[in-house]
Enquirer: 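Pasting in a structure now, in structure tokens, and then I'll have a few things to ask.
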Amino acid sequence: GFPMTSAGLFSALPWVFGAVAFLCGGTLTDYLATRTGNKKIARCGVGIFGLTMSALMLVMVALTPNAVAAVLARLPRRIGARFGLPHPAA
């Protein structure tokens, strides 16, 4: 286990990184939709990348024996999962 102070920090980090990734993924989707003129390609491309990255990081988390390393490996997984979501304004 973790000490209480570390547990709070480790439980909050994925949400913070996820929020930043959500905004970045949405901004990238908007940029690609404007640049290509095709919303479907922009949304699907960013989503495929983000969810694939999330799946790969989930496997890495499952194979990591160290608890701290597993928590830190969850950060890119959260980023990947949120990166694939469309921007709220889309």
Enquirer: Enter the distance from Leu32:CG to Cys44:SG here, rounded to the nearest 0.5 Å.
Expert: 12.0 Å
Enquirer: Could you list the residues that satisfy side chain to side chain contact (heavy atoms under 4.5 Å, CB included) with Ala7, not counting sequence neighbours?
Expert: Phe2
Enquirer: Measure from the side-chain N and O atoms of Thr64 to the backbone N and O of Asn66, and report whether any donor-acceptor pair falls under 3.5 Å.
Expert: no
Enquirer: For the residue pair Ala42 and Ala33, what are the closest heavy atoms and their distance?
Expert: CB-N, 3.4 Å
Enquirer: Once rounded to the nearest 0.5 Å, what's the spacing between atom OG1 of Thr29 and atom CD1 of Ile41?
Expert: 13.0 Å
Enquirer: Going from CG on Leu28 to CZ on Arg43, what distance comes out if it is rounded to the nearest 0.5 angstrom?
Expert: 13.0 Å
Enquirer: Nearest 0.5 angstrom please: Met57 CE to Thr52 OG1, how far?
Expert: 11.5 Å
Enquirer: Would Val20 and Leu13 show up in the same hydrophobic cluster when neighbours are defined by side-chain heavy atoms closer than 4.5 Å?
Expert: no
Enquirer: From Leu9 CG over to Met4 CE, what is the distance, rounded to the nearest 0.5 angstrom?
Expert: 14.0 Å
